[in-house]
Amino acid sequence: MTTTHELSALPAQYDPRETERAIYERWIQAGIFSADEKRSRRNGGDRDPFVVIMPPPNVTAVLHMGHGLNNTVQDVIVRWRRMAGDEALWVPGTDHAGIATQNIIERQLAAEGKTKADLGREAFIERTVAFVTETGGEILRQLRAIGASADWNRTAYTFSPELSRGVREAFVQLYERGLIYRGHRVIHWCPRCMTSLSDEEAEHSEETGNLYHIAYPVVGGKEGATVTVATTRPETMLGDVAVAVHPDDDRYKGLVGKSVLLPIANVEIPVIADEYVDPQFGTGVVKITPAHDPNDFEVGKRHKLPMPVIMAADGTMANGADAGSRVPSDLIGIDRFEARERIVRALEKTKQLTAVKPHQHAVRHCYRCDTVVEPRLSDQWFVKMEPLAKPALKAVRDGTIRILPERWEAVYVNWLENIRDWNISRQLWWGHRVPVWYCDACSCEIVSRTEVSACEKCGGQVRQDDDVLDTWFSSWLFPISTLGWPDKDSAALAAFYPTDDLITAPEILFFWVARMIMAGYAFMDAPPFHTVYLTGTVRDMKHVKMSKSLGNGIDPLDVVSSYGADALRYTVVAGMGMGADLMLDPNDLERSFAPGRNFATKLWNIGRFLLSNVGTSPVRSVDELSDDELTLADRWILGRLNATIFEADAALGPARPEKGKWRPEERYSGLRLSEFAEAARRFVWDDVADWHLETTKGRISGGGDDSEVARSVLTHVFDYALRLLHPVMPFITETLWQRLPVPVAVDRCEFLAIAPWPLPHPRSRAEETAIARFDLVREAVSAVRRIRSDYSVAPGKVMDVAIQSRANGDLFTEHAGLIGRLSRATVNVGSTTAAAGAAHAVLSDGSEIIVPLGGLVDLSKECAKLRGELTQLDSQLDSLSKRLQNESFISRAPANVVESERKKHDDWTTRRAQLAEKVKALCGG
RNA sequence: GGGCGAGUAGCUCAGUUGGUUAGAGCGCCUGCCUUACACGCAGGAUGUCGGGGGUUCGAGUCCCUCCUCGCCCACCA
């Protein structure tokens with residue numbers, strides 16, 4: 001793209017579809033999203049690096065509003081820093097998503113009437129690779145449509161050879177440090193996905209089930225003696241190896257040491273005493289099923305009990321290890337829930353089911369397929385988390401890392417303080433294979449960074465562990481592995497690690513964010529980032545989370561094609577408080593995205609005005625303009641621009657902690673994107689478009705020196721407005737900026753996307769008075785307009801207006817023409833006496849607006865209005881007087897507050913007198 | 001069961017350390033196609049700031065309590 005001006009006029013209507021794709025293409029070709037290691041200060045360059053790692057979406061994902069929101073926020077921040085002169089890097093990527101992807105392929109196979117076993121492991125993986133290769137890049141392509149300025153040359157994939165190397169390195173390092181071990185214990189098992197899950201992957205949900213009371217006969221006791229246990233999962237009773245009571249429970253003291261007969265399985269099991277039992281709950285007797293309940297497993301270990309497995313991997317009943325023939329033949333192969341029914345019925349028949357009570361309890365479900373998970377005894381690989389958690393906890397406590405919004409810090413701390421070991425092995429085919437080899441000949445175990453083909457000790461055959469690693473075991477390395485780790489000499493790692501902000505959804509605070517922090521300290525001895533920003537959730541108008549399955553989703557690409565990416569981005573950014581949920585109506589996209597679309601159109605039309613009025617020939621630089629060349633309106637808008645730049649910077653920054661750690665006063669500041677967007681919108685719409693632009697209308701066409709001043713100021717102001725808005729609305733601002741008249745003698749870069757972020761103008765000193773004085777002019781205009789509206793004076797009729805002002809007569813005299821033009825009136829400034837039959841208004845400086853209505857209007861209306869005002873003023877004045885007579889107030893309130901209240905009292909008193917006089921003159925009495 | 005958050009205009013939400021007459025967008029009402037813009041312009045209405053109590057000269061803001069929603073965590077079978 002060239003910087004020469006487009007001489008053709010802008011089309012009347014902005015068509016995002018026509019422009020967005022082309023502009024994005026030019027950005028890519030210019031390479032402005034590519035970060036250069038050598039320019040990073042850490043590598044001897046002259047720019048601060050600013051790095052954001054994109055939360056990698058699943059390779060199989062399709063873009064939804066959640067991605068839209070999250071990636072827009074990231075892009076706004078990255079674009080802001082890029083313009084601010086940082087070496088900005090946004091690393092994109094995807095996640096191979098073990099369970100999720102495998103499920104999709106399995107579903108495809110099922111549709112073909114096949115299972116993964118039919119294919120075998122190798123063919124299954126080949127097929128999955130083919131699928132991922134074909135469809136995997138789709139979501140990243142979609143992100144380009146919303147303007148994501150990521151460095152696509154660095155696109156990462158958790159299952160790529162490079163990142164896989166990091167996964168192995170991490171595993172081996174942790175193993176060598178004794179932080180990875182194989183454990184035999186009860187874990188969460190999804191019978192549908194046929195794999196183990198981590199604690200985090202087994203989600204709780206409150207459900208009403210039943211608490212079944214079952215009587216177990218006491219062996220050798222009195223005829224008919226029983227103990228009654230309570231359970232929510234009767235089918236697990238076949239795996240019972242004991243019943244337990246509390247050691248101090250007098251009810252059952254005599255029973256401990258005796259045996260009971262387990263119904264159906266017909267095995268004798270002991271009664272034991274264990275502190276774990278709560279005498280208050282249920283019957284005070286607990287059945288102990290070590291292989292199918294984590295607590296019972298602990299009890300079982302303490303009492304050295306056998307641990308029979310009575311369920312197969314798919315959740316059907318089976319006699320597994322140590323089960324003997326506990327499961328009767330008619331239950332074998334029966335699904336666990338069906339088996340529950342059957343067992344309950346059988347117990348009813350034998351009168352051993354003594355009660356069924358509804359019971360609220362938390363049931364865990366698989367986070368991928370929602371199947372109820374089954375606690376199951378098995379061998380898994382675990383990461384010992386406590387040593388890893390320590391530095392991660394310290395980092396947030398001491399301000400090395402901050403989490404926004406603040407409240408999530410407590411959640412984070414709570415999780416880390418109660419951290420439990422992480423089950424990282426999955427019984428899947430799709431994922432990084434556990435890098436452990438076994439030699440059966442000498443029964444040794446080899447953990448290796450490279451492939452092992454023969455036993456190191458005996459040269460015998462080896463076989464690799466069948467399991468793969470949890471997907472999160474690769475994504476927790478993302479901030480380091482995408483930058484080249486474990487390659488210690490990686491230029492990218494040196495230039496860009498630690499990164500800066502991490503922007504993601506709170507759902508993965510534990511899955512991903514906390515673990516990345518742990519990995520950062522474990523492998524780099526440094527935090528991965530200094531700021532975690534957790535966005536809200538996108539919901540529909542009933543506050544239900546948007547999801548494809550519920551059919552209440554919005555496809556961001558629909559929004560892009562209807563209203564443009566900028567409309568989507570602005571709406572999302574402006575509508576979202578920090579960490580707050582965003583409500584959008586999937587049934588009314590037009591209304592939902594109106595704020596963004598309307599604003600984009602507004603910008604477009606300002607651009608059209610500029611092009612047709614200011615033209616395209618170079619303008620003077622504002623820096624050359626002297627104060628006396630500028631009109632009051634010019635000085636006002638330049639002042640407002642300065643204020644807006646300050647507001648924008650205050651809302652967004654600081655970009656990084658000034659002294660390495662967040663100091664208390666800066667810790668929760670910045671990243672208030674909606675405030676930033678709102679400040680920019682107010683400036684463009686309320687100030688530039690509604691006021692300043694209107695004041696230039698007579699000037700530009702007038703020719704001469706002032707015409708040049710007006711062209712210059714308006715161009716400058718719009719230029720800077722486009723810069724401020726570019727991070728939020730990159731496409732339309734770039735389009736308009738490319739056509740802006742270039743200031744004389746000012747170099748400018750090729751793209752707005754890399755144009756310097758606005759700095760406050762040096763002219764700022766005199767601005768405060770200019771702002772106050774022009775505000776009075778605006779007040780006068782509004783007052784006249786209100787009178788016109790209140791009295792229904794026809795829009796076409798030019799009204800005669802008199803302004804009386806003691807303090808600012810010169811101001812109004814000077815601007816009488818402007819005030820008249822903006823309010824459609826002929827304005828005279830002087831000492832006209834209040835005429836009967838005229839409407840009045842008082843400005844904040846005490847100046848009076850008088851509009852003779854020439855009998856057009858019923859005066860009683862004006863009088864009623866004035867009397868109402870008077871009454872209101874009286875009551876306000878009354879409470880203010882009381883306050884000022886209150887000695888506590890005078891003595892305890894800060895002096896400046898008291899002073900301003902006094903001044904207010906004086907002002908109001910004057911106003912009251914004027915008003916009363918007016919009422920008397922106009923309405924008599 | 002533990003912890004956290006929210007309740008402000010019809011809707012979605014701002015309201016920094018307590019201090020002018022509580023704001024914005026959308027919606028609504030009135031009038032306007034005023035040659036950049038009807039996706040617009042001008043004007044307007046609407047709030048016992050969830051209820052109650054307290055601290056204070058002063059509370060939407062701080063404290064207590066209650067009510068209503070939401071979220072996170074949790075091995076009571």
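Just so you know, these numbers come straight off a predicted model, no measurement behind them. To find a chain, count down the sequence lines: A is the first, B the second, and so on, and within it residues start at 1.
Comparing the P positions of B/U34 and B/C41 gives a spacing of 14 Å, expressed to the nearest Å. For the P atoms, the distance linking B/G19 with B/A59 amounts to 11 Å, nearest Å. Remark: the separation of the C1' atoms in B/C33 and B/G70 is 47 Å, to the nearest Å. Nucleotides B/G15 and B/A9, compared at atom P, are 15 Å apart to the nearest Å. Comparing B/C13 with B/G5, their C1' atoms sit 15 Å apart, to the nearest whole Å. Distance check on atom P: B/G52 versus B/U16 gives 23 Å, rounded to whole Å. B/G58 and B/A14 are spaced 23 Å apart, taking the C1' atom of each and rounding to whole Å. Comparing B/U61 with B/G44, their P atoms sit 30 Å apart, to the nearest whole Å.
Here the two rings, on A/Phe510 and A/Tyr412, have centers that are 6.0 Å apart or farther.
Under the ring-ring contact (aromatic ring centres under 6.0 Å, His included) criterion, A/Phe281 pairs with A/His359, sequence neighbours left out. Scanning for side-chain contact (heavy atoms from CB on, under 4.5 Å) contacts around A/Glu206 gives A/Gln360, A/Ala362, with sequence neighbours left out. Here A/Ala505 pairs with A/Glu507 under the side-chain contact (heavy atoms from CB on, under 4.5 Å) rule; sequence neighbours left out. Every residue two or more places apart in sequence or in another chain that forms a ring-ring contact (aromatic ring centres under 6.0 Å, His included) with A/Tyr570 is listed here: A/Phe599. In this structure A/Ser205 satisfies the side-chain contact (heavy atoms from CB on, under 4.5 Å) test together with A/Glu207, A/His365, sequence neighbours excluded. With sequence neighbours left out, the side-chain contact (heavy atoms from CB on, under 4.5 Å) criterion links A/Lys697 to A/Phe609, A/Leu693, A/Glu694, A/Arg821.
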Can you give me the N/O atom pairs linking the protein to nucleotides 58-63 of chain B at distances under 3.5 Å, or say none if there are none?
none

Give every pair of a protein N or O atom and an N or O atom of nucleotides 9-16 of chain B that lie under 3.5 Å apart, one pair per line with the distance.
residue : atom : partner  : partner atom : Å
B/U12   : OP1  : A/His543 : NE2          : 3.1

Short N/O separations, protein against nucleotides 74-77 of chain B, under 3.5 angstrom:
residue : atom : partner  : partner atom : Å
B/A74   : OP1  : A/Arg420 : NH2          : 3.3
B/A74   : OP2  : A/His204 : NE2          : 3.3
B/A74   : N6   : A/Glu206 : OE2          : 3.4
B/C75   : OP1  : A/Arg420 : NH1          : 2.7
B/C75   : OP1  : A/Arg420 : NH2          : 3.1
B/C75   : OP2  : A/Arg364 : NH2          : 2.8
B/C75   : O2'  : A/Asn295 : ND2          : 2.5
B/C75   : N1   : A/Asn295 : OD1          : 3.1
B/C75   : O2   : A/Asn295 : OD1          : 2.7
B/C76   : O2   : A/Asp278 : OD2          : 2.9
B/C76   : N3   : A/Asp278 : OD2          : 2.7
B/A77   : OP2  : A/His359 : NE2          : 3.4
B/A77   : O2'  : A/Ala230 : O            : 3.3
B/A77   : N6   : A/Asp278 : O            : 2.8
B/A77   : N6   : A/Phe281 : O            : 2.9
B/A77   : N1   : A/Asp278 : N            : 3.2

Using a cut-off of under 3.5 Å, enumerate the N/O to N/O pairs linking the protein to nucleotides 34-37 of chain B.
residue : atom : partner  : partner atom : Å
B/U34   : O4'  : A/Arg824 : NH2          : 2.5
B/U34   : N1   : A/Arg824 : NH2          : 3.0
B/A36   : OP1  : A/Lys697 : NZ           : 3.4
B/A36   : O2'  : A/Asn605 : OD1          : 2.9
B/A36   : O2'  : A/Arg608 : NH2          : 2.9
B/A36   : N6   : A/Ala689 : O            : 3.2
B/A36   : N6   : A/Glu694 : OE2          : 3.2
B/A36   : N3   : A/Asn605 : O            : 3.2
B/C37   : O4'  : A/Asn605 : OD1          : 3.1
B/C37   : O4'  : A/Asn605 : ND2          : 3.2
B/C37   : O2'  : A/Asn605 : ND2          : 3.2
B/C37   : O2   : A/Lys602 : NZ           : 2.8
B/C37   : N3   : A/Lys602 : NZ           : 2.9

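What separates CZ of A/Arg539 from P of B/G70 is a distance of 10 Å, to the nearest Å. In this structure, A/Leu416 places its CG atom 14 Å from C1' of B/C72, rounding to the nearest Å. Per the geometry, CD belonging to A/Glu203 stands 8 Å off P belonging to B/C72, to the nearest Å.
Considering only side-chain N and O atoms, A/Trp408 lies nowhere under 4.0 angstrom from the phosphate OP1 or OP2 of B/C73.
Between A/Glu298 and A/Arg302 there is no salt bridge, since no side-chain nitrogen of the basic residue lies less than 4.0 Å from a carboxylate oxygen of the acidic one. The existence of a salt bridge linking A/Glu374 and A/Arg233 is confirmed by a sub-4.0 Å separation between a basic side-chain nitrogen and an acidic carboxylate oxygen.
Closest to the A/Arg407 side chain, of the nucleotides B/C73, B/C4, B/G25, is B/C4.
When only modelled atom types and interatomic distance are considered, A/Asp274 and A/Tyr276 share no side-chain donor-acceptor pair under 3.5 Å.
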Open item on the list: side-chain hydrogen bond (donor to acceptor under 3.5 Å, both in side chains), that's the test. Do A/Ser669 and A/Glu666 meet it? Break it down for me.
Closed with: CA-CA 5 Å; A/Ser669 66; A/Glu666 62 183 9; over 6 Å; no

- [ ] Under the side-chain hydrogen bond (donor to acceptor under 3.5 Å, both in side chains) rule, what do A/Glu203 and A/Tyr367 come out as? Steps first, then yes or no, please.
- [x] CA-CA 6 Å; A/Glu203 296 179 329; A/Tyr367 84 136; over 6 Å; no

- [ ] Please test A/Arg597 against A/Asp566 for salt bridge (Lys or Arg N to Asp or Glu O under 4.0 Å), starting from the C-alpha separation and ending with a verdict.
- [x] CA-CA 8 Å; A/Arg597 182 200 53 175; A/Asp566 291 324; over 6 Å; no

Open item on the list: A/Tyr14 vs A/Asn605, test: side-chain hydrogen bond (donor to acceptor under 3.5 Å, both in side chains). Steps then yes/no.
Closed with: CA-CA 9 Å; A/Tyr14 173 57; A/Asn605 283 306; over 6 Å; no

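With respect to A/Val243, the side chain to side chain contact (heavy atoms under 4.5 Å, CB included) criterion is satisfied by exactly one of A/Val286, A/Val271, A/Ile288, A/Thr283: A/Val271.
Within the 4.0 angstrom heavy-atom criterion, only backbone atoms of the sugar-phosphate kind lie near A/Phe510; the bases stay farther away. Across all strands, A/Arg597 comes closer than 4.0 Å to base atoms (heavy-atom distances). In this structure, A/Gln13 reaches the bases: a heavy-atom distance under 4.0 Å links it to at least one base atom across the strands shown.
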- [ ] Taking Watson-Crick and G-U wobble pairs with both distances under 3.5 Å, convert RNA chain B into its dot-bracket string, 5' to 3', dots for unpaired and | for cross-strand pairs.
- [x] (((((((..((((.....[...)))).(((((.......))))).....(((((..]....))))))))))))....

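Screening residues 404-418 of chain A for salt bridge (charged side-chain N to carboxylate O under 4.0 Å, His left out), with sequence neighbours left out, gives A/Arg397-A/Glu417, A/Glu409-A/Arg667.
Residues A/Val411 and A/Ser782 each lie close to RNA chain B; by heavy-atom proximity, the contact nearer the 5' end of the strand is made by A/Ser782.
Checked by atom type and distance alone, the side chain of A/Thr571 pairs as donor or acceptor with a backbone atom of A/Gly596 at under 3.5 Å.
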